[in-house]
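Hydrogens, waters and symmetry mates are skipped; everything else that's a heavy atom, side chains included, is used. Each ligand, and each atom within it, is numbered from 1 in the order the structure gives.
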Amino acid sequence: MKSFSKIFMNYALVSLFLLVNLFSISCKNKETKTEMEVKKEFFGKTTDGQNVDIYTLTNKSGMKVKIINYGATVVSLTAPDRNGKFEDVVLGYDNIEGYEADKSYFGSIVGRYGNRIGKGKFKLDGKEYQLSINNGENHLHGGTIGFNKKVWEVIGYSDIKYNNLMGGSFITMKYISKDGEEGYPGTVELTVNYTLSKDNELSINYTALSDKNTIINPTHHSYFNLTGDPNKTILDHELMIDADNFTPVDKGLIPTGKFADVTNTPMDFRKPNKIGVRINENYEQLKFGLGYDHNWVLNKHQELEPMIATVYEPTSGRFMEVWTNQPGIQFYCGNFLDGKVKGKNGVMYQYRTGLCLEAQHYPDSPNKPDWPSVVLKPGDVYRQATIYKFSTK
Ligand code: BGC
């Protein structure tokens with residue numbers, strides 16, 4: 001009898017142990033499941049009464065990317081440092097009012113033509129077009145009300161099954177730009193997909209169609225600060241750009257049309273170098289840009305080329321790779337930030353506290369017939385793929 005009760009007790013204990021474990025496993029599963037869900041929350045109403053939502057993408061390793069359907073904008077992106085601490089590494093605003101007033105294009109998709117077009121003029125099929133002028137005498141980032149100031153349609157986002165299977169998540173948004181908008185010919189339908197992979201890559205895939213011959217060159221405009229502290233400058237970040245040439249500009253930042261060799265100039269980032277080392281040199285191109293604000297001619301751009309640019313931040317150990325299929329990259333280091341703009345958590349963004357690496361065609365390409373074409377014809381599909389990949393060293 002005694003041994004029977006002992007066996008029973010043991011059996012009960014083992015069962016209890018199994019039950020507790022099963023319960024905690026199922027709780028854990030539940031936890032990962034809710035974690036892996038793309039979360040949709042209300043972000044705010046635009047002044048013309050449109051609702052804007054904020055979507056949180058997550059991945060298995062714990063990265064979080066928050067995106068709003070106003071400007072298809074990345075509002076925050078957390079990446080781990082070398083001790084596994086996640087911090088937000090992009091600049092942005094806490095609310096829709098911030099994005100509506102924004103003049104810095106924080107985190108958004110800019111277009112129809114990212115970057116500058118001289119005097120906003122170009123010829124296509126023998127006809128001259130005049131685009132809106134919004135930057136001195138030039139056209140910048142799609143004009144007065146570019147794609148960054150539009151409410152995009154959310155086409156869909158990944159469900160929990162996909163997220164759990166892939167260890168990441170995605171969202172797809174669309175914007176239809178009408179014929180004549182900001183002076184551009186043709187109605188363009190642009191679709192942008194943001195995918196956060198299990199390997200800490202944020203991939204941005206663009207596709208566009210047009211009903212008439214037009215020009216197109218959208219890009220992504222996140223300001224990165226890999227320290228995780230937006231009060232610090234980006235001058236100690238180590239930058240590499242795989243480019244032997246850049247496109248020198250005039251005072252209005254319009255390319256002269258020539259390529260210039262980076263050898264023996266402050267524009268040489270073929271080997272990783274701290275951004276601040278040569279930024280204040282008495283070099284005409286740096287005077288024009290108030291620092292770096294130039295397009296580099298990428299050595300490789302046949303396919304989705306890995307590591308055409310990298311950024312390493314030595315204190316946190318964060319390392320960011322940029323992959324793209326575009327021929328150029330604009331490196332801009334926040335020279336126009338002046339401490340007057342209040343960003344997330346009330347931080348006043350100071351001079352050179354964020355850097356942009358904008359994959360794109362060269363600026364003013366519509367007026368440079370020898371440069372890679374930016375013309376999109378009906379029946380053709382515009383495709384861009386750009387990846388920002390995060391790891392640590
Ligand atoms: C341009 C800068 C411009 C900035 C606006 C960058 O892409 O290169 O000249 O001031 O965008 O935020």
>> Please tell me whether Asn335 and Asp293 have a donor and an acceptor in their side chains that are separated by less than 3.5 angstrom.
In response: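 Side chains of Asn335 and Asp293: no pair found under 3.5 Å.
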>> Parallel, tilted or perpendicular, judged at 30° and 60°: which one describes the rings of His294 and Phe246?
In response: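 Correct class here is perpendicular.
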>> Starting from Trp152, can I reach Leu196 by hopping between I/L/V/M/F/W/Y residues whose side chains sit under 4.5 Å apart?
In response: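 Yes, Leu196 and Trp152 fall within the same hydrophobic cluster.
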With the criterion set at N/O pairs under 3.5 Å, what does the list of contacts between the protein and ligand 1 look like, atom names and distances included?
unit_1, atom_1, unit_2, atom_2, d
ligand 1, 7 (O), His141, NE2, 2.9
ligand 1, 7 (O), His221, NE2, 2.8
ligand 1, 7 (O), Glu358, OE1, 2.9
ligand 1, 7 (O), Glu358, OE2, 2.7
ligand 1, 8 (O), Asp293, OD1, 2.5
ligand 1, 8 (O), Gln330, NE2, 3.1
ligand 1, 9 (O), Arg116, NH1, 3.1
ligand 1, 9 (O), Arg116, NH2, 2.8
ligand 1, 9 (O), Asp293, OD1, 3.3
ligand 1, 9 (O), Asp293, OD2, 2.4
ligand 1, 11 (O), His141, NE2, 3.0
ligand 1, 11 (O), His221, NE2, 2.9
ligand 1, 12 (O), Ser104, O, 3.0
ligand 1, 12 (O), Tyr223, OH, 2.8

> So among Phe43, Tyr194, Tyr157, which one has a ring-ring contact (aromatic ring centres under 6.0 Å, His included) with Tyr55?
Replying inline: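 Of all the options given, the one that passes is Tyr157.
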> From Arg82 CZ over to Lys393 NZ, what is the distance, rounded to the nearest 0.5 angstrom?
Replying inline: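 The CZ atom of Arg82 sits 10.5 Å away from the NZ atom of Lys393.
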Can you give me every donor-acceptor pair (side chain of residues 137-144, partner residue at least two apart or in another chain, under 3.5 Å) with its distance?
unit_1, atom_1, unit_2, atom_2, d
Asn138, OD1, Lys119, N, 2.8
Asn138, ND2, Gly252, O, 3.4
His139, ND1, Ser132, O, 2.6
His139, NE2, Tyr184, OH, 2.7
His141, ND1, Asn115, N, 2.8
His141, NE2, His221, NE2, 3.3

